[in-house]
Each structure stands twice: as C-alpha cells, then as structure tokens.
Amino acid sequence: MPHDQPASAPGPAPADASDHDPAEAPFLGLLATGAAAEEYERPVLRARAGGAAAARLAALERAKLLALRVRTELEDRRRREAELSALYATAHDLAGLRDLDAVLRAIVRRARSLLGTEVAYLTLNDPAAGDTYMRVTDGSVSARFQQLRLAMGEGLGGLVAQTARPYVTDSYFHDERFRHTRTIDSGVRDEGLVAILGVPLLLGSGVIGVLFAADRRERVFEPGQVALLAAHAAHAAVAIDTANLLAETRKTLTELEAANEIIRDRSSVIERASDVHDRLTELVLRGGGVQDVADAVAEVLDGDVEFTEPGRAPAAALDRSRADGHAVRDGADWVAAVRAGGEVLGALVLRGHPALDPVDQRTLERAAMVTSLLLLARRTAGEAEQRVRGELLDDLLDAAARDPRLLRERAARVGADLDAPHVVLAARMSGAPISDGDGPPRPDGTDRRRLWSAASHLAATRHGLAAVRDGGAVLLLPLEPGGDPAHTAREIAARLGTALHVPVTVGASAPVPAPAARPAAVADAYAEARRCREALCALGRAGQGAAAADFGFLGLLLADTRDVDGFVHRTLGAVADYDARRGTELLRTLGAYFACGMSPARTKDELHVHVNTVAQRLERVGRLLGPDWQTPARALEIQLALQLHQLSAAVTRETEE
C-alpha cells in the first residue's frame, strides 16, 4: 500500500482470499508432501467453482503444469538416486566377493533386481573356440537355454559381443536386426523370452562377455535402464577381472608353495648328491678301491650296493644299462653298467630298493663312472707291472748273458725271487695257431691279450713272471720245496681255462734251480715246456697240463735232462723197493714174463718154478704197478724200464769191478 494514501480512504470490494494468494502456493504444498499427480487438479477445480477470474484460473493452470514438471523431475532425481545407490551397493558387494562363481551369480541377480525383469543371464567369450557361451542364469527354467553357445554375430548376444555395444529388442522373434539361428531361437523359445536387453562386459577395449535382462512379455527398456545396466556391467567386468586375478594369484601362490616345497626337497637331494661327490672324490684321491665306492654309495642310498663281474650281473639289465648309459631297474634292484667305451667291466647293483628318485639314480650312475675309472686305473697299473714282468722274462729267455745282479734287482721290484727254484710253463689256448718260430705270433689279437692278461694275473699272485711268446704265453713260477711241475701244469691249465672260458693247454719244464744264476737254463726249460705242450696237443689231450714225467718213455725224448734213473724209478720203483724189502724176485719174474712172450707156462720153465708161483708173483706185480700194467702202452714202458734197469745194473757192476 502506498504511504501517501490515507488509511481511511475507501477501496474496492474485497474478493475471495484465494484470489490474492500466489498461483504457485497450493502446488508448493503438494510438492512438499509428495502428493499424487491427480491431486494437482484440485486447486484449479476449487478456484473455478469459487468463480475465480479467468486470469486467476490461467495463472493456476500455469502453476499446475510447472509443479507437475517439477514433480516429474524430482521423481526422476529420486529414481536416479535410488539407482545410483543400488549401483554403488552392487559395486560394494562385488568388491567384497573373491570367488568367480559367486561374483557371476551376484552380477546376474543384481541385474535382474535393478531392472525388475523376470530373467537375467550372463555369457562369457571363449577365445579358444571363438564363440560365447551361457555361464550364469537367474530366473531361467529351460535347460536348453542354460546350455546355449553363440557364435560371434549370432543372435542378440552374439551381436553385442561382436560390436561391443548395447542392443535391446522389444520383441525378439520379430526383430530382424540380428541373425537368427535355429539353436538360439529354440533356446529363447523354450525360455519364453520376448523383450531382451544386452550390454557388453568391457574390459579395456575388449569384450569378455554380455549381461542380459529379459522379460517374457513385450516391454520397452528406457534409455536410463539401458545406461543403468551398462553401468552395472562395467562394475561387473571389473569384478570379474578382479576375481580372475585373485584366482590366478591363488593358483600362482599354490604353485609357488609347491615349487618351494620341491626346491626344498631338491636342495636336500642336491646337498646329498654333493656329499656323495665329495666322498667319491676323496676315495679316488686317497686310492680307495671298488668296494670302498660301493660302501659309500650304499650308505648314502640306504641300501645294499655290490660290484659284480660282467658274468655275474643280470644280463638283460646290464645290456639295457650299457645301451642307455643310465641305471635301470631290474625287479626290486637297480643295475648300473660299469663300462669304459664299449667294454663292460662289471656292474654296480643296488639291491632291494625299487623306489629311486632321479637324483639318487644319478648318484648310482656317478658311482658306476667312478668305479670304471678306478678299474681302468688299476688295469693301467697292472698292465704296466705286467709289461715289466714280461720284459724281465723276455730278457731271461733271450739274453743269457745278462748280469745276474741286475736280474735280481729287477725281479725284486715286482716281488719275484730268481734265486729260488722255478718252473717254466708254456700255455696256449685250444685251437690257437702257433708261431713258426720266425714270424710273429698269429692268434687273434684279442685272444692273445686275454691270455696274456690272465697269465700275468696268475704270475703276479704267485710272485712270478709272464710274457706273450710264440702265439701263447710263458710263465716262470716259483716251485715250492717238493713241488711237482706236472701238478703245477695241470693247476695252471685249469685256472686259465676257467678265466678265459676256453680250454688252455699247458706244458711244464723240469725245475730250474736258480734262474738268476743260470739265465740260459730258462730258455732250455721253455723249450722243454713247449715240447710237452705240443705233445699234449698231438696226443689229443688239448686243454690239459703235463710235464715230461707224465709221458712215460716219451718223456725221455721231451726232457732236456734225459733222466733215465728217474724214468726207471717212476716205472719200476714200487716193484724194486718190494724186492729190496722182502728179498723176492718180482723184477726177475717180470723180465722173464716179457721175455717169454707174456706166457706164464714158459715163464715157469724159464725160472724153474711152479706155474702157481709165477701167477702169484704176477698178481703181486699187478697190485704194485696198477691194473693196467699189461696194456700195450704200459707194457712197452715197463719193458723199456726193465732193459734200462738191467743196463744200469750191468754198468754199475763193471764200475765196481
């Protein structure tokens, strides 16, 4: 009211109070109380009923429209706030999940809740197969639908996966924007879906899957709903990636723990292997033997380890180990070939230990290698000693004028005593050719080396000498007091035959009293031993051993000494001794018996005794000489011995007279 207008001045007639209220006032109250949309018509209707002026009614109509617009905006804001709250709550829930399956189920369940649809589901891409497959569903009732696979570009989901953009259809079967297939349409029809909204699960610039919300009736999905589901899908993709990373991390941690456990186990194994290596090295450096290696490995592997010769090891397992170069299992045992190049020297056998890890297997193989080195070193040393022994024997055979003092010194270095009685033995493998005396020996080189090695080993164990000569081997061995060369020859033939697995023929000489004092006697003795060896072969007795005394009267031809008295004594000594003790005439009776053509009747006439006396005397002779004394060979030797005995007796008488 203007200040210059009198208070008592009369004015126009008063109207309805509502005519003077602002047109927006009644609607502000409705907005404040959140009234329904139809309540906004009441202020206009009351004013019209009260006879309000047209201007007032127009103002109220304008205010109503403005209020309704504000109400709609407020509702949109409240709805967006609710959606954002739900979206944040979903993100919070997803962030707390660690299991991938739980994350996927939560994503689908929240999508269905956010959009209020009947069904929600999620597909994931399969890079290996080049398609996408149904992973999780919520509200689905069709088994076929739950097992769908979609090629890129097939169906609504395939289109979303291929283009990485949201797609929505109000009526799936009437929408021609995407490629329908019988398989997909059958699954969708079984589920009864009509309206479908699909948004991509984006991780970076790549699509990892598609999230769907669907109804079994026609429905229009508003842009805000599409945006809401897309925002939910963005959170879901991050949650899926996080769950995958956590799963991979857990898997990696598990693998790391397993790897650490393996490393710890391997570390202890490596320490054990290092200990074995150090122990084996120490054994080699301090000159340990094969058994020391076996004992060390047995202690480390907690088992029984034995070195066996090639002939005693399991043949099949030894062949496999030699071919493979590794230890091989043989039942409950392990066999590692001990070899040098292509030659098998034996085997290390770990017994009663069927379970063996690779490191322990390698330990056994390393021990086999060390064993082969020790054997080769021992062989090398042995071969060097064998050469020394062979060279000394060669000098005894070839250089009769050698200084005896030097011979004794050289013999002492290899443990031989050339001042003691020795016997010379000539050995040859059965069937091996011999030298013609001028050229080199002609047997196979391998056989010659084997014979030389075996002969050298025997010579070394008996403090003697051995060498290769004339296609065979020659040995110079000490002869014990009262020793028999023939017995020695038979023993050496048997030992060499066993070692070489072939018959070996050995001839022995008469004893050589002191080889160092008379080196020439060694060469003569070797010649005699060779004659005995060849006589054995000629008589069909290959593989045996003999001395001249074993050949009867032939021994007189084979021996250099021509020991007539020895031959007579070996042949008739038992009868002569009996006559000397008893005063009998068995020798005279035996001579008369052969002189009379081995006829007892003529013999009794020659001796002027009864025939029974002759029979009794001959029976006694048989007991003294053996049951074969009348065989042609023995009879010939006995007659020769009788004649030599008579000749010797006659010479003795003439000498005495």
Legend entry - Qualifying residues under side-chain contact (heavy atoms from CB on, under 4.5 Å), relative to Val136, sequence neighbours excluded: Leu104, Arg105, Val108
Legend entry - NZ/NE/NH1/NH2 to OD/OE distance under 4.0 Å, Asp126 and Arg135: no
Inset, instruction - Go through the structure and list residues passing salt bridge (Lys or Arg N to Asp or Glu O under 4.0 Å) with Asp304, not counting sequence neighbours. - result: none
Inset, instruction - Mind checking side-chain hydrogen bond (donor to acceptor under 3.5 Å, both in side chains) for Thr117 and listing every partner two or more places apart, or none if nothing turns up? - result: none
Legend entry - Any residue meeting ring pair (Phe, Tyr, Trp, His ring centres under 6.0 Å) with His326, in chain and number order, not counting sequence neighbours: none
Legend entry - Partners meeting side-chain contact (heavy atoms from CB on, under 4.5 Å) with Ala367 (sequence neighbours left out): Leu280, Val293, Val297, Leu348
Inset, instruction - Could you list all the salt bridge (charged side-chain N to carboxylate O under 4.0 Å, His left out) pairs where at least one residue sits in residues 153-172, not counting sequence neighbours? - result: Glu154-Arg179
Legend entry - Test side-chain contact (heavy atoms from CB on, under 4.5 Å) applied to Ala316 - qualifying residues, sequence neighbours left out: none
Inset, instruction - Return the set of residues passing ring pair (Phe, Tyr, Trp, His ring centres under 6.0 Å) with Tyr121 (not counting sequence neighbours), or none when no residue passes. - result: Phe145, Phe212
Inset, instruction - Identify, with sequence neighbours excluded, every residue that meets salt bridge (Lys or Arg N to Asp or Glu O under 4.0 Å) alongside Arg144. - result: Asp190
Legend entry - Set of ring pair (Phe, Tyr, Trp, His ring centres under 6.0 Å) partners for Phe221, sequence neighbours left out: none
Inset, instruction - Give a yes or no on whether a salt bridge exists between Arg112 and Asp138, defined as a side-chain N under 4.0 angstrom from a carboxylate O. - result: yes
Inset, instruction - Quick one: list whatever passes salt bridge (Lys or Arg N to Asp or Glu O under 4.0 Å) with Asp330, sequence neighbours left out. - result: none
Legend entry - Set of residues satisfying salt bridge (Lys or Arg N to Asp or Glu O under 4.0 Å) with respect to Asp175, sequence neighbours excluded: Arg177
Inset, instruction - Return yes if a side-chain donor-acceptor contact under 3.5 Å exists between Asp185 and Tyr172, otherwise no. - result: yes
